[in-house]
Colleague: 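Structure below; questions to follow.
This one's a predicted model, so the numbers in the text were calculated from it and none came from an experiment. Numbering of residues begins at 1 and proceeds along the displayed sequence. Values reported hereafter were calculated over all heavy atoms of this structure, with side chains retained and with hydrogens, waters and symmetry mates removed.
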Amino acid sequence: MPGRAAVADLSSSATILNVNDDEANRYLSSRTLRMVGYRVLEAATGEEALRLAMQERPDVVVLDVKLPDISGYEVCQRLRAQPETASIAVMHTSATFVTTDKKVRGLEGGADAYLTEPFESEELIATVRSLLRMRRAEQELRRRAEHLTEADRRKDLFLAMLAHELRNPLAAITTAVGILDRRGQMDTKDGRMVAIVQRQTNHLARLVDDLLDVSRLTRGKVELRKTRLDLRGVLEQVLTVFRPQAESRNLKLESSLPTVPLWMEADTTRLVQVFTNLLDNATKYTDAGGSIQVKAERSVEDGRMGARVRVKDTGIGIRPEVLLSVFELFSQADESLERSRGGLGIGLTLVHNLVEMHEGRVEAHSDGPGRGSEFAVWLPLLPVASDSEQEVVLPALVKRRRHILVVEDNEDARQALQDLLETWGHRVEVAADGLRGLELAVQRSPEVALVDIGLPGLDGYRVAEELRAKMGQGIRLVALTGYGGTEEHSRAREAGFDLHLVKPVHPDALSRLLSEL
């Protein structure tokens, strides 16, 4: 019968620790429990109970409140305080402490049940079985949680490896397209094809970054690298990237930025990511002939001075029921079967989390389908200084030819990077592995080394450590890698790298880096 099978399952493998200084009561309880089939241990004092609990790890402790050395209340609290015994079910029993306040004290102190002596054998057995069911349900939930944690860890590892494997070919494609784009001798059709490849490669690179970042955010692994910056510069950078895309889709992109700086403490890369995702959504969900407006202005909220940036489009709009969950992971504005707008449904989740990490807020507004949408980001500004209202003119970058070593095991990425650097007039040495790279660096003394991390044999971290030991600060080291987490940035710094770049590196970004080194 099912009922008897369940009873046997609860009895056959359970261990009960019976703690009572009254020998007669202890004997009767133990005899009752053994008759059902439980393995029963006995203790007459609190200290003995704690020792046996640590040693035997029973499933249930039947614990009398009044003991000769320490009270059952304290025994229970000490069991709960130790990780090894915290999950043991505890049932208080007492013939003296039977008032409501005493029972409440025991239950609030960590006990799972409370029986008043004298009690019937059936009541004791039923309570023990109830505690065993509860404990085994908790154990099952714990096992599931551990399984999910391990699965989540494996998923994160897979995403990191996937990103690394994707970034190598992306780096080669990005660099090769950059070379073609700079030759300037293509007909209109070829130029259009190069532009398409460049846009789609950039889009794919953003998808890879978003996948990794949402995984890190859910695990609390993203750290901000804040510096003092002018928000206008961030917005101009993003607008510069999106203007050609908007034109190619026959969209009108308008912007209105203040004439004075918007100084704040923020992570430039993360803010670029925020507004890139918002503009990417606006262009994706707005049909040809539509318009997108980006407006930034000072705004005081809750007594704090900040900047409010609005990204407004005339696109497909957002239904009211979708608007409520638009910042949730995998939420999609376009839920049609054809999924013509694309996307993974993670961009706005990243926006929401990154803005909150900057102590800001983001809101979504829409009057419904076909009536466009608006996303408003508010970020805190630094207090206005006497000279902060003045326009800041950055000095022009000084470009010069350099002697550069490229250490990269991916043949296509290595060749494309060499060709790009030589096109700019740099003298370039190349190596396909860490040992050869180290040998060339010592022999030829390059000014800059661009070193891939995932090298065969001697990895990039070891190469950097060896070069620092042999050449000191006489060489600038730049890590090129498909791994872009905070841990990788920190490890690269510790190994001796001056900079850490995540593949694919856009040619303009690489040119700017070499000019600034």
Side-chain angles (χ1 to χ4, degrees), residues 213 217 222-243 245-246 251-283 285-286 290-315 317-318 323 326-327 347-367 371-396 512:
D213 282 335
L217 279 169
V222 172
E223 294 181 7
L224 298 182
R225 300 169 181 270
K226 290 186 176 182
T227 58
R228 187 171 184 264
L229 60 86
D230 180 3
L231 179 60
R232 297 176 310 163
V234 171
L235 295 172
E236 285 288 6
Q237 179 180 341
V238 175
L239 287 165
T240 299
V241 172
F242 273 91
R243 281 198 174 93
Q245 295 187 33
L251 299 174
K252 185 178 181 181
L253 178 58
E254 301 176 327
S255 63
S256 174
L257 305 183
T259 58
V260 295
L262 300 171
W263 293 114
M264 62 179 55
E265 286 283 341
D267 185 320
T268 303
T269 301
R270 295 305 180 183
L271 287 190
V272 167
Q273 193 173 8
V274 165
F275 295 110
T276 293
N277 271 301
L278 291 179
L279 273 169
D280 187 51
N281 269 5
T283 56
Y285 292 113
T286 304
S291 66
I292 302 169
Q293 295 179 333
V294 179
K295 182 178 181 180
E297 59 188 352
R298 290 181 178 272
S299 173
V300 178
E301 294 194 10
D302 298 328
R304 299 179 67 192
M305 176 59 73
R308 179 173 287 274
V309 181
R310 302 177 187 272
V311 179
K312 186 175 183 180
D313 63 62
T314 60
I318 306 173
L323 195 62
V326 73
F327 294 110
L348 291 179
T349 302
L350 286 172
V351 168
H352 182 266
N353 283 282
L354 291 174
V355 169
E356 284 198 339
M357 289 177 69
H358 282 86
E359 300 179 26
R361 291 182 292 277
V362 59
E363 301 169 349
H365 306 279
S366 177
D367 292 329
R371 305 184 69 177
S373 58
E374 179 182 46
F375 289 86
V377 175
W378 184 88
L379 294 165
L381 292 177
L382 291 172
V384 177
S386 58
D387 60 345
S388 64
E389 297 294 336
Q390 303 300 317
E391 289 287 351
V392 177
V393 180
L394 298 177
R512 185 163 54 250

Colleague: What distance do Leu231 atom CG and Leu257 atom CG have between them, rounded to the nearest 0.5 Å?
Modeller: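 It comes to 8.5 Å.
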Colleague: Look at the side chain of Thr314 and the backbone N and O of Ser291, then say whether any donor-acceptor pair between them is shorter than 3.5 Å.
Modeller: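 Yes, the answer is positive, given that a donor and an acceptor are paired below the 3.5 Å cut-off.
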Colleague: Should Leu262 and Arg298 count as side-chain neighbours, where that means a heavy-atom distance under 4.5 Å?
Modeller: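 Result yes, sub-4.5 Å side-chain heavy-atom pair found.
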Colleague: Ion pair present between Asp302 and Arg304, side-chain N to carboxylate O less than 4.0 angstrom?
Modeller: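 A salt bridge is absent here (no side-chain N lies under 4.0 Å from a carboxylate O).
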Colleague: What verdict does the side chain to side chain contact (heavy atoms under 4.5 Å, CB included) test give for Leu379 and Leu271, after you've listed the backbone C-alpha separation in whole Å, the side-chain angles of each residue and the deciding distance to 0.1 Å?
Modeller: CA-CA 10 Å; Leu379 294 165; Leu271 287 190; 3.9 Å; yes
Colleague: Would you check, one step at a time, whether the test side chain to side chain contact (heavy atoms under 4.5 Å, CB included) holds for Val311 with Glu374?
Modeller: CA-CA 6 Å; Val311 179; Glu374 179 182 46; over 6 Å; no
Colleague: Please enumerate all residues that pass ring-ring contact (aromatic ring centres under 6.0 Å, His included) together with His352, with sequence neighbours excluded.
Modeller: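 Scan of His352 (ring-ring contact (aromatic ring centres under 6.0 Å, His included), adjacent residues dropped) gives Phe327.
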Colleague: Are the side chain of Asp313 and the backbone of Ser373 linked by a donor-acceptor contact shorter than 3.5 Å?
Modeller: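 Yes.
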Colleague: Flag the pair Met264 / Leu229 as yes when at least one side-chain heavy-atom distance between them is below 4.5 Å, and no otherwise.
Modeller: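 Side chain of Met264 against side chain of Leu229, heavy atoms only: contact under 4.5 Å found.
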Colleague: What are the two closest non-hydrogen atoms of Arg270 and Leu354, and how far apart are they?
Modeller: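 Of all heavy-atom pairs spanning Arg270 and Leu354, the closest is CD-CD2, 3.8 Å.
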Colleague: Report the residues that fulfil side chain to side chain donor-acceptor pair (under 3.5 Å) with Lys226, sequence neighbours left out, ordered by chain and then residue number.
Modeller: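 Lys226: no side chain to side chain donor-acceptor pair (under 3.5 Å) contacts found.
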Colleague: Just so I know, are the side chains of Arg232 and Pro261 near enough to count as touching, which here means a heavy-atom distance under 4.5 Å?
Modeller: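 They are in side-chain contact.
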Colleague: Should Val234 and Phe275 count as side-chain neighbours, where that means a heavy-atom distance under 4.5 Å?
Modeller: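 Contact flag for Val234/Phe275 side chains = yes.
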Colleague: Apply side chain to side chain contact (heavy atoms under 4.5 Å, CB included) to residues Trp263 and Arg228 and explain how you reach the verdict.
Modeller: CA-CA 7 Å; Trp263 293 114; Arg228 187 171 184 264; 3.7 Å; yes
Colleague: Before giving the answer on side chain to side chain contact (heavy atoms under 4.5 Å, CB included), spell out for Phe242 and Thr276 the whole-Å C-alpha distance, their side-chain angles and the decisive distance to 0.1 Å.
Modeller: CA-CA 8 Å; Phe242 273 91; Thr276 293; 3.8 Å; yes
Colleague: Got a donor-acceptor contact below 3.5 angstrom from the Thr283 side chain to the Asp280 backbone?
Modeller: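 Indeed, once roles are kept as given, a pair shorter than 3.5 Å links the two residues.
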Colleague: Any side-chain heavy atom of Trp378 within less than 4.5 Å of one from Val309?
Modeller: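 Result no, sub-4.5 Å side-chain heavy-atom pair not found.
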Colleague: Judged by atom type as modelled, is there a donor-acceptor pair below 3.5 Å linking the side chain of Ser366 to the main-chain atoms of Gly372?
Modeller: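 A pair under 3.5 Å: yes.
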Colleague: Counting distance only, does the side-chain N/O of His358 pair as donor-acceptor with the main-chain N or O of Asp267 below 3.5 Å?
Modeller: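 Yes.
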Colleague: Of all the heavy-atom pairs spanning Leu278 and Leu348, show the shortest one and how long it is.
Modeller: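 Minimum heavy-atom separation between Leu278 and Leu348: CD2-CD2, 3.8 Å.
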Colleague: Where do Arg243 and Ser255 land on the side chain to side chain donor-acceptor pair (under 3.5 Å) test, with the steps shown first?
Modeller: CA-CA 10 Å; Arg243 281 198 174 93; Ser255 63; 3.1 Å; yes
Colleague: Give me each pair satisfying salt bridge (charged side-chain N to carboxylate O under 4.0 Å, His left out) with a member in residues 254-264, each pair once, sequence neighbours excluded.
Modeller: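 For residues 254-264: Lys252-Glu254.
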Colleague: Would you indicate whether the side-chain heavy atoms of Ile292 and Leu251 approach each other to under 4.5 Å?
Modeller: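 Leu251 vs Ile292: side chains touch.
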Colleague: Side-chain contact, heavy-atom cut-off 4.5 Å: Gln273 with Leu350?
Modeller: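 The answer is yes; the side chains approach within 4.5 Å.
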